Each structure stands twice: as C-alpha cells, then as structure tokens.
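Quantities reported herein were computed from a predicted structural model and do not represent experimental measurements.
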Amino acid sequence: MIVTVILLLLNGGGGGGSGLAVGGQQGNLASECRTGADANQRQDCRIVGVVNSVQSYWSSTVSGYHRAPTELYTDQTETGCGLASSAVGPFYCPADQTVYIDLGFFDELQSRFGARGGPFAEAYVVAHEYGHHVQHLLGTDAKVGNDRQGPQSGSVRLELQADCFAGVWAKHAEQTGFIERLTSDDIAEGLDAAASVGDDRIQQETQGRVNPESFTHGTSEQRQHWFSTGYQTGEPRDCDTFAAPSL
C-alpha cells in the first residue's frame, strides 16, 4: 500500500523554514505540494514531506537541533564538500551541513542495486541522511577519526547508527500520522533498500567477491538489523552502535 505523507510542515512549520532548494535554487515546491495526494503522485513532493517530518522529529528530540538545508539535484551540483555527481547519490555534507539528494538515485536503487523501490524505500534513504546531520550536531561523527574501514570500524558504526535513526523516525512518523497506513510491505521496502546498499551485496555484484576489511557501511544483514532496531523501539538511545561490542 502506498505511503501517504502528510505535508503539514511543508512551509517549515515548527520554525526555521524548510530550506529546500531544487538544483541549488529555492523552488516553488511549497506552492505545488500541499496534500498527501500530491505526495503520492510526485516524487519531489513526497521527499519534501519526508524531509519536514524527519526534521520536525529531531527538532523535538535533540536539544539545539537546527534544520539542515536540503538540495534536490540531478547530474551534478556544487557542495561544501566539493563537486558531487549523480554517481555519489544522496549524501550529507558536514562542511555546509546540507543534505543533497540526487533524485535519479531512487531509480538506480532498483536498476543497479536490485531494490524493489517504492515510497518507503525513498523515505528510508532520506531519513538515513538526516541521521548523519544529527550525528554531526552531537559530535558523533568525530568518533570515526581514521577508523574508516573494516567490519567493526567507526565508519560502519556511523552508517549503522544512521540506519537505526531512520527506523526511529519511521516509528515516530507512524505514531503521529506523518505517514499513514504503514504496512508490512512498506517496512519490507525500507529493509530491502537497506539490504541493497550493504557493503557485502555491492561488493559481490561489482567485484564478484566480498572483502570485509574494506567495509564502510556494514553488511545487508547489519543494515536491516539496525533499521529494525530503531523502528521497533522508537528510541534513539537504542541506536548507540559505538557502544556495541560487536555489530
């Protein structure tokens, strides 16, 4: 069943404005995306709704949280972290504290990575990137340091925590009505998307073998596990992957 995103916060309700731009320019999405029907029919409207729902949740949960500007782009865009091409996909740049979302990535998630796709798969990806913004504000990303590869590395722990944060938001969104009619199939879409971008699955498909010592994001099983943990408990404190002795 299609996920319906309620766009109550489209104009930045809760303070601070949405800060959402298209192609580096402020778009007219606020006037074009007003209802759940708009969100069901248009990908950009759906993403706007998810962005504002995610940021509303973290604004009420993290002391001192400030909204991250959001840029939707295709092909390439200039960022505080350098020039980003569509090959990069959605990402968070800590240098300018902005989330960049390549709209073409969601098609690639299906065509290249074999995910089933769907509205909730898109929502998972978006919520994951805003998880990185939360980590930056809390200083969690500093824990990674030079520990950037390996099955138990700081980089993997950072990514898995962002997956868990995405699950926490999903639970909150369901409870508060930002997302209606969230079904087991919707959750399966999110879990499938998480699995599709696991290090092991990507390496197997692109290299024909798996090298755990070069992991940076975690395995498909790990990503599913931590997303599920966040969704089941709805508590950010249960997402402390850095305290877990083993992932």
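- Annotation: disulfide bond (SG atoms under 2.5 Å apart) contacts involving residues 48-93, sequence neighbours excluded, comprise Cys81-Cys93.
- Applying the side chain to side chain donor-acceptor pair (under 3.5 Å) rule to Gln135 yields the partners His132, Gln161; only residues at least two apart in sequence or on another chain are considered.
- At least one donor-acceptor pair closer than 3.5 Å links the side chain of Thr98 to the backbone N or O of Asp96.
- For His172, the side-chain contact (heavy atoms from CB on, under 4.5 Å) criterion is met by Tyr57, Thr176, Phe178, not counting sequence neighbours.
- Counting only distance, with no hydrogens or angles, the side chain of Glu129 and the backbone of Tyr92 share a donor-acceptor pair below 3.5 Å.
- For Asp147, the side-chain contact (heavy atoms from CB on, under 4.5 Å) criterion is met by Ser153, not counting sequence neighbours.
- Between the Gln55 side chain and the Ala68 main chain, a donor and an acceptor come within less than 3.5 Å of each other.
- Residues Arg67 and Tyr130 bring no donor and acceptor atom of their side chains to less than 3.5 Å of each other.
- In summary, the side chains of Gln97 and His66 do present a donor paired with an acceptor at a separation below 3.5 Å, with no hydrogens or angles considered.
- Glu78 pairs by the salt bridge (Lys or Arg N to Asp or Glu O under 4.0 Å) definition with nothing, not counting sequence neighbours.
- A donor-acceptor pair under 3.5 Å is absent between the side-chain atoms of Thr77 and the main chain of Tyr73, judged by distance alone.
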Distance-only donor-acceptor pairs under 3.5 Å for side chains of residues 239-247, two or more places apart:
unit_1, atom_1, unit_2, atom_2, d
Asp240, OD1, Phe242, N, 3.3
Asp240, OD1, Ala243, N, 3.2
Thr241, OG1, Arg157, O, 2.6

